[in-house]
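Just follow the structure's listing: the first ligand is 1, and inside any ligand the first atom is 1.
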Amino acid sequence: TSSHLIPQNAPTLAGFVMQNTKDKDLVILMQAIALCCKQISTAVKRAGIAKLYGLAGEQNSTGDDQKKLDVMSNEIMTNALRNSGVCAVLVSEEDEEPIIVPEGNQGKYCVAFDPLDGSSNIDCNVSVGTIFGVYEKKEGSVGTTADILRGGDDMLCAGYCVYSSAVELVFAFKGGGVHCFCLDPSIGEFINSRVMKFPEGGGKKIYSCNEGNSEKWDQPIKDCVEAFKIGEKPYAARYTGSMVADIHRTLLYGGIFMYPADKKSPKGKLRILYEGFPMAMLIEQCGGIASTGLFNGSFQRILDVVPGHIHDRCPIIMGGERDVNFFYSFYENAGIEI
Ligand code: P6P
């Protein structure tokens, strides 16, 4: 039926990347990533039936217990990207060391990714996702971590795929806006469905953070979160523990997502290269603000951070201007020189 024909004005992901960049290697890369997302989506949907719940009995680079799906998703992505012929350096949340693609099969792209972010939610069927950020290796480089340990503004493009009632791949080029591609499972293609932009005026009043950590936050953060709860129309609290699901909702509905620094974790929990940077690019391209919060007396932009190690962390305060500026005001009120 006509619904299976790809609408003329809604290109596939490959068509969109080609139309906007004429970069065939980037088309190949995004096709490889899209294929991984389709495979991971299928595995996630089958987890219950195929007994893919539960632990794999190993731990990942950050000491998290690896789930069977974590291991499977990581193998899907590292194999596909290594064999794509367009990648030089791969950094995965699941691997302590980076993967340097052998010269004969190398290409120009360096990809940092979290193959299955939020996987602690798998066994209870809460949405999870894949996050990726793409750099072009430096001229003449044979492919080393120096090609990927760079400021976030060097990132060429970034995105995530959310595995939920719909499978949606959200993608942004630096300076090119944020575009959503919905998987049509009947033809196995990601079809351009919408441009994403923060709702005018900030959208729904939603705050998203793990308040279980609030005792360890600094006072202005505590005061800000308390302020969300008061007044005629207080903010709604929404937190799934799955960054992709929480950011997808924030981009579509509005609000603020926070994983701040705290006394126990001065750099917060989330990782720069495959959580902070990709989401910061998307939030900024949707017209929002992505900050690590107060750093050396001023508010630091996440994309200005330069990671020293591939698994470095950074605090995260990101969302629409209305809510992030409200958050900032609690530092000004605390007399902290901004
Ligand atoms: P907490 C999932 O483990 C994750 O990396 C992100 O997806 C999520 O936002 C965060 O950690 C949840 O952490 O400490 O609230 O369970």
**Student:** So, Arg249 versus Ser208: side-chain donor-acceptor pair below 3.5 Å or not?
**Tutor:**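 There is such a pair between these side chains.
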**Student:** Side chains of Tyr109 and Asp23: any donor to acceptor distance under 3.5 Å?
**Tutor:**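 Side-chain D/A pair, Asp23 to Tyr109: present.
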**Student:** Please list, in number order, the atoms of ligand 1 under 4.0 Å from a heavy atom of Asn210.
**Tutor:**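 In order of number, 1 (P), 14 (O), 15 (O).
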**Student:** Show the atoms of ligand 1 that are less than 4.0 angstrom away from any heavy atom in Tyr239.
**Tutor:**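 The atoms of ligand 1 under 4.0 Å from a heavy atom of Tyr239 are 1 (P), 12 (C), 13 (O), 15 (O).
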**Student:** Identify which one of Phe190, Phe16, Phe173 satisfies the ring-ring contact (aromatic ring centres under 6.0 Å, His included) criterion when paired with His179.
**Tutor:**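 Only match with His179 under ring-ring contact (aromatic ring centres under 6.0 Å, His included): Phe16.
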**Student:** Distance only, no hydrogens: is a donor on one side chain within 3.5 Å (strictly under) of an acceptor on the other, for Asp223 and Gln219?
**Tutor:**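 A pair is found: one side chain offers a donor N or O, the other an acceptor, under 3.5 Å apart.
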**Student:** With rounding to the nearest 0.5 angstrom, report the CD1 to OH distance, Ile206 to Tyr235.
**Tutor:**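 The distance works out to 10.0 Å.
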**Student:** Below 4.0 angstrom from a heavy atom of Gly118, which ligand 1 atoms are there? Numbered from 1 as shown, please.
**Tutor:**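 Near Gly118, the atoms of ligand 1 are 2 (C), 7 (O).
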**Student:** I need the atoms of ligand 1 closer than 4.0 Å to a non-hydrogen atom of Met243, numbered in the order shown.
**Tutor:**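 In order of numbering, the contacting atoms are 6 (C), 7 (O), 8 (C), 9 (O).
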**Student:** I want to confirm something. Looking only at heavy atoms, which of Glu275, Met279, Lys269, Arg271 is nearest to atom 16 (O) of ligand 1?
**Tutor:**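 Of the listed residues, Lys269 has the closest heavy atom.
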**Student:** Can you see whether Ser92 engages Tyr274 through a side-chain donor-acceptor pair at a distance of less than 3.5 angstrom?
**Tutor:**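 Note: Ser92 and Tyr274 side chains miss the donor-acceptor criterion.
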**Student:** Please work out whether any backbone atom (N, CA, C, O) or any side-chain heavy atom from C-beta onward of Asp246 is under 4.0 Å from ligand 1, and answer side chain, backbone, both or neither.
**Tutor:**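 The answer is neither.
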**Student:** When you compare ligand 1 with Tyr259, is there at least one nitrogen or oxygen pair between them that comes in under 3.5 angstrom?
**Tutor:**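 So ligand 1 has an N or O lying under 3.5 Å from an N or O of Tyr259.
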**Student:** For atom 2 (C) of ligand 1, which candidate among Ser265, Ser242, Gly241 provides the closest heavy atom?
**Tutor:**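 Considering heavy atoms of Ser265, Ser242, Gly241, the nearest to atom 2 (C) of ligand 1 sits in Gly241.
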